[in-house]
Each structure stands twice: as structure tokens, then as C-alpha cells.
Enquirer: 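Below is the structure I would like to discuss, written out as C-alpha cells.
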There are 2 protein chains.
Amino acid sequence: MGKTNCSCEKCQLKSLFFSHVDASEMSNICDIKVEKQYSKGEIITTEGEPIREFIYMKEGLVKLSKTGTDGKDQIISFSKPFDFVSLLSVFSSKTYKYSVTAIEDTTVCILDLDVVKNHAQENALFAMDLMARISEATDKILLDNLAIKRKHLKGRIAHVLLYFSDYIYKNDEFELPISRREIAEYIGMTTENVIRTLSEFRKDKIIKIFGKDILISDKKRLQNISDFG
Amino acid sequence: MGKTNCSCEKCQLKSLFFSHVDASEMSNICDIKVEKQYSKGEIITTEGEPIREFIYMKEGLVKLSKTGTDGKDQIISFSKPFDFVSLLSVFSSKTYKYSVTAIEDTTVCILDLDVVKNHAQENALFAMDLMARISEATDKILLDNLAIKRKHLKGRIAHVLLYFSDYIYKNDEFELPISRREIAEYIGMTTENVIRTLSEFRKDKIIKIFGKDILISDKKRLQNISDFG
DNA sequence: CGCGGCTTTGATGTTCATCAAGTAAAGTGG
DNA sequence: CCACTTTACTTGATGAACATCAAAGCCGCG
């Protein structure tokens with residue numbers, strides 16, 4: 001039996017990779033993967049470049065973004081550990097359609113794309129699992145975008161704060177991993193109005209702000225603003 | 001050799017289904033599919049209902065939409081022949097996350113979901129092809145949504161008109177398959193402003209309007225508004 | 001230390017939603 | 001088929017939401 005264990009105890013890709021394989025047939029994913037570290041701010045993949053690798057998030061936080069013809073960026077979504085970062089486009093395009101940038105120190109596992117494709121071709125259940133993960137991820141992005149689209153400025157800001165608090169950090173106090181401008185790029189409003197709204201929340205004692213550190217003091221009200229604003 | 005021909009000459013699903021199969025192994029997709037007709041306005045699938053079938057568009061035009069908690073609809077995208085309508089969610093969820101409604105008389109081919117899943121499980125190349133189609137479709141939706149988000153009211157309306165003209169009907173004159181309100185639900189603006197903008201385009205001699213019939217008379221200018229508005 | 005980027009606040013104007021009111025079109029029941 | 005109801009469409013007036021412009025403080029970094 002091949003070794004199926006490596007240092008990555010929680011690796012979900014490993015589970016997917018091996019879950020439907022006869023032990024004797026498989027090569028060890030841990031032997032062929034390359035780990036790579038990125039500091040906050042570093043670009044992981046660039047829009048337009050050829051896709052050669054399959055990227056899997058081990059640690060950290062990244063943003064997916066796209067640059068418009070006018071040079072202005074739009075942030076599409078964020079990815080956290082155990083997401084397949086190169087989800088979008090990997091199986092439908094030869095080049096990246098979006099850029100991925102680390103917004104926290106990030107570790108990714110990199111597999112040669114052909115290895116993953118070959119494995120999927122030889123193992124339909126793995127292909128099915130991948131498909132499910134891709135669908136899930138894109139569904140989440142679409143739903144999130146729709147939710148934001150329904151809301152006004154205040155609701156959108158509340159939404160973003162709750163997103164980081166509830167979904168990413170699972171804590172009422174956290175350090176915003178992105179700038180005010182990036183929040184604006186995500187929700188489709190201007191930087192100034194993002195700042196103004198945060199200040200307003202502060203004045204209304206809904207949150208406390210210390211630079212990038214945010215403390216949500218009245219979550220119920222914030223949730224209310226997110227739901228009805 | 002099994003029969004691989006049926007009345008659907010252009011069926012791409014059939015091609016996918018059979019492209020990687022040994023002739024002797026395959027069952028005929030044409031024998032197990034059920035064709036179903038929907039008139040303009042009829043609901044094909046409803047948000048929240050269990051997914052039992054794999055739906056493939058043979059003829060017509062549909063909209064994907066979602067109803068918000070406030071009862072207001074949002075239109076996510078449109079699908080035309082040879083799209084897999086149940087793309088989103090099919091492999092990741094037990095229930096539909098979106099509704100699909102015919103906006104033109106529509107014919108779909110319906111396959112039992114388990115049959116498709118089984119075929120994918122036994123045939124990894126088919127699974128890979130499906131994956132590519134799913135990625136492509138969701139990529140297109142995301143890109144379209146980003147493009148719309150970047151634009152103002154006029155740019156969004158121009159975008160929608162060009163979408164139907166260039167992508168759906170491939171003609172400068174066409175009948176709008178959706179109401180003014182539905183355009184509003186798609187671009188995230190109000191019905192009144194959609195109407196006002198269309199009237200303005202008419203006054204500026206960019207388009208001609210006869211009820212639902214639209215004739216684009218100054219495409220270059222419309223393209224310009226879409227690009228920079 | 002100075003430069004560029006991020007943040008903040010205020011003033012101003014534009015864009016857009018809302019409200020109102022009326023016409024046209026389309027579906028409904030007698 | 002006609003009166004009736006509802007839904008779609010249209011235009012105008014008003015105000016709210018938001019973008020833009022301007023100016024200044026702050027912070028990190030070479």
C-alpha cells in the first residue's frame with residue numbers, strides 16, 4: 001500500500017484524491033505536491049496567464065479579482081483553506097480569467113494540472129467529487145453576489161463585516177484583511193462611502209474601529225442592517 | 001452497435017454522452033430522454049424543489065432567477081439551446097437554488113439525474129466534459145455580472161440590448177423576450193428608469209421601439225454607451 | 001525626511017429610487 | 001363579446017442615495 005499520509009492532517013484534497021481509489025493503484029499525492037508560501041499582498045496567479053497548475057489552499061486567505069478595461073479592479077470573492085483556488089476556469093479555459101492575491105500570509109499546495117486531470121480521467125468518482133466542489137464554490141459566489149446586489153450601501157458594509165466575523169474569523173473581533181478601497185471594490189461602491197459608513201457605524205456604537213481592527217459590539221443591529229438595508 | 005441517432009441532429013449532449021464510449025457499452029440516450037414543451041411564461045423548475053432530473057435546452061430561451069426574502073425577484077442569467085439549464089447546483093445540492101422560467105416557447109430534454117450521474121461515474125471523460133461545460137457556463141455568468149456591475153444605468157441598458165442583439169438573436173432587430181420590469185430585475189435598477197432610458201435612446205435615435213420590438217439603428221453609439229457608460 | 005498610498009471629513013452635484021397619476025394592453029368571468 | 005380587473009408601460013416631480021472633488025492627516029518605507 002502506498003503512503004497516504006503526509007504532514008497535512010486536514011487536507012481535504014488528499015481525501016478526495018484517495019477516497020475512491022484502490023490502495024494499490026495510487027501514487028502518493030503528498031509526494032508530488034509542492035507547497036508554496038505567499039506573504040500578504042503577493043500575487044498568486046495573474047489574469048490572462050496560462051493555467052499550468054492546480055492550486056489548493058492550505059493556510060491563509062486570498063482574494064479573487066479582475067481588472068476592468070478602465071484599470072479599476074473588482075473583487076469577486078475570497079477563498080480560505082481547503083478551497084480550490086483555481087476552481088473557476090481550470091477545466092474550461094487555458095488561461096486564468098481572474099487574479100488571485102494573498103490578503104493574509106498564505107500557503108498553497110500546487111499540483112501539476114495534468115496530474116489532476118489524468119487522475120480525474122482515470123477515476124470518475126474523483127471527477128464527480130471535484131465537480132461537486134466546483135459547483136458548491138461557484139454557487140456560493142453567485143449567491144453572495146446576489147445578496148450584495150439586493151442591498152444598499154449600509155447593508156452591503158454590514159454584510160461584509162458579518163462575512164468576515166461569522167464566516168472567516170468566527171469572532172466578533174478581528175483584523176480586516178483588506179483596505180477600505182478593497183471593500184469598495186468588493187461591494188461596488190466608492191472608498192469614501194465605505195469609510196463614511198464605517199464611521200457612522202462607529203458613531204452609532206455598532207462597531208469599534210482601531211485602524212484595521214474591528215470589534216462588533218452590537219451584532220443584532222448589524223445583522224438587522226444587513227438583512228433590511 | 002447501438003443506435004446513436006435520433007431526431008435531435010444538433011444535440012450536443014448526445015455527443016458528449018457518446019464521445020468517449022465504446023459503441024457496444026452504451027445505451028441510447030435518445031431512448032431514455034423525455035422531451036417536454038413549455039410555453040412562454042411557464043415555470044420549468046422552482047427554487048427549493050428537489051432536483052430529480054437533468055435538464056438540457058433543445059429550443060427556446062429561459063431565465064434563471066431567485067426570489068429574495070422581500071419577495072422581489074432577481075434575474076441571474078439567461079440560457080439558450082444546448083445549455084445545461086440545471087447546471088448550477090445539480091452536482092452540489094439536493095434542491096434547486098434558482099428558478100427557471102421559459103421566456104420564449106421552449107423545448108427541453110429531460111434525463112433522470114441518476115442516469116446522468118451513473119454515466120458520469122462510469123465514464124470519467126464524460127464527467128470531465130460535463131465539468132468543462134459547467135465551468136464555462138458559470139464563468140460566463142460571473143463575467144457578465146461583473147461587466148454589468150461596472151456600468152451605470154445607461155451602460156447597463158445598452159449592455160442588455162447588445163446581449164440580445166449580438167448573442168441571442170444575432171440581429172439588429174428583435175422582439176424583447178422580457179418585460180421592462182424583468183430588465184430591471186436583471187440589471188438591478190428600477191422599472192421606471194429602464195423605461196426612461198429606453199425612451200431616451202429612442203429620442204437620441206439610437207434605437208426604435210414598437211412595444212416589445214426593438215430595432216438598433218446606431219449600433220456603434222450603443223456599443224460606446226455600453227463600453228463607457 | 002519626504003514620498004506615495006491609505007484614511008478621513010466636508011461640500012457639492014449627479015444619478016437614481018420613490019411617489020404619483022395616467023394610458024395602454026392583456027387576461028378574466030359573466 | 002363586453003365589462004372588469006389586473007398587469008405592463010409611460011412620464012413627471014421630488015428627494016434620497018451615492019459619486020465626485022477637494023483638502024488634510026496619518027503611516028510605512030526607502
Side-chain angles (χ1 to χ4, degrees), chain A residues 39-42 63 68 70-75 101 103 148-161 175-204 207-214 225-226 228-229, chain B residues 39-42 63 68 70-75 101 103 148-161 175-204 207-214 225-226 228-229:
Chain A
S39 300
K40 179 169 179 149
E42 283 189 288
K63 68 169 179 181
D70 55 356
K72 284 181 188 164
D73 281 2
Q74 291 178 285
I75 293 181
T101 311
I103 57 174
I148 288 175
K149 211 173 174 182
R150 271 199 306 270
K151 300 172 191 188
H152 289 179
L153 176 57
K154 289 180 194 178
R156 292 183 187 189
I157 303 282
H159 179 99
V160 170
L161 292 175
E175 186 186 333
L176 263 183
I178 54 175
S179 68
R180 317 297 200 242
R181 182 167 55 78
E182 284 172 308
I183 296 180
E185 286 170 356
Y186 181 47
I187 65 172
M189 304 259 154
T190 58
T191 310
E192 292 96 320
N193 280 326
V194 169
I195 290 165
R196 253 186 276 274
T197 306
L198 287 172
S199 301
E200 207 174 314
F201 286 174
R202 176 172 43 70
K203 283 173 202 154
D204 293 348
I207 60 173
K208 286 178 182 163
I209 307 176
F210 321 92
K212 296 233 163 188
D213 283 315
I214 303 283
I225 294 172
S226 172
F228 304 110
Chain B
S39 302
K40 179 170 180 149
E42 282 189 289
K63 67 169 179 181
D70 56 355
K72 283 181 190 165
D73 281 1
Q74 291 178 285
I75 294 181
T101 311
I103 56 174
I148 287 176
K149 212 174 173 182
R150 272 199 304 270
K151 300 170 190 188
H152 289 178
L153 175 57
K154 288 180 196 178
R156 293 183 186 187
I157 304 281
H159 178 102
V160 170
L161 292 176
E175 187 186 332
L176 261 183
I178 54 175
S179 68
R180 316 296 202 242
R181 181 166 57 78
E182 285 172 308
I183 295 179
E185 287 170 356
Y186 180 48
I187 64 172
M189 304 258 155
T190 57
T191 309
E192 292 96 320
N193 280 326
V194 170
I195 291 165
R196 252 186 277 274
T197 305
L198 286 173
S199 300
E200 206 174 314
F201 285 174
R202 178 172 42 72
K203 282 172 203 154
D204 293 347
I207 59 172
K208 285 180 183 162
I209 305 175
F210 321 92
K212 296 234 162 189
D213 284 315
I214 303 283
I225 294 171
S226 173
F228 304 109

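Letters go in sequence order (proteins before strands), and every chain restarts at 1.
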Enquirer: Take a 6.0 Å sphere around NZ of B/Lys40 and say whether it holds more than 12 heavy atoms from other residues, nucleotides or ligands.
Expert: yes
Enquirer: Need to verify one output field. Residue with the more 5' nearest nucleotide on DNA chain D, B/Glu182 or B/Arg196?
Expert: B/Glu182
Enquirer: Using a 3.5 Å distance criterion without hydrogens, assess whether the side chain of A/Arg202 forms a donor-acceptor pair with backbone atoms of A/Ile209.
Expert: no
Enquirer: Bend angle of the helix from C/dC1-D/dG30 to C/dG30-D/dC1 from five-pair axes at both ends, rounded to 10°?
Expert: 50°
Enquirer: Which one, C/dT7, D/dT11, D/dA17, comes nearest to the side chain of A/Ser179?
Expert: C/dT7
Enquirer: If I take atom NE2 from residue A/His159 and atom CZ from residue A/Arg156, how far apart are they, to the nearest 0.5 angstrom?
Expert: 10.0 Å
Enquirer: A/Thr190 side chain: which of D/dA19, D/dT11, C/dC6 is closest?
Expert: D/dA19
Enquirer: So if I take every side-chain heavy atom of B/Arg181 and compare against C/dT9, C/dC16, D/dA8, which nucleotide ends up nearest?
Expert: D/dA8
Enquirer: Counting side-chain heavy atoms from CB outward, which of C/dA17, D/dT10, C/dT8 is closest to B/Met189?
Expert: C/dA17
Enquirer: Do you know the tightest heavy-atom contact between A/Glu175 and A/Asp213?
Expert: CB-OD1, 3.4 Å
Enquirer: NA contact type, A/Thr191, heavy-atom cut-off 4.0 Å: base, sugar-phosphate, or nothing?
Expert: nothing
Enquirer: Heavy atoms from C-beta onward define the side chain here; which of D/dC21, D/dC18, D/dC9 lies closest to that of A/Glu192?
Expert: D/dC21
Enquirer: 5'-most contact on DNA chain C: B/His152 or A/Lys203, nearest heavy atom basis?
Expert: A/Lys203
Enquirer: Quick check for you: among C/dT8, C/dA17, C/dC6, whose closest atom lies nearest to any side-chain atom of A/Arg180?
Expert: C/dT8
Enquirer: Does atom NZ of B/Lys72 have more than 12 heavy-atom neighbours from other groups under 6.0 Å away?
Expert: no
Enquirer: Salt bridge or not for A/Glu200 and A/Arg196, using N-O below 4.0 Å?
Expert: no
Enquirer: C/dT9, D/dC9, C/dT7: which one has an atom nearest the side-chain heavy atoms of B/Ile195?
Expert: D/dC9
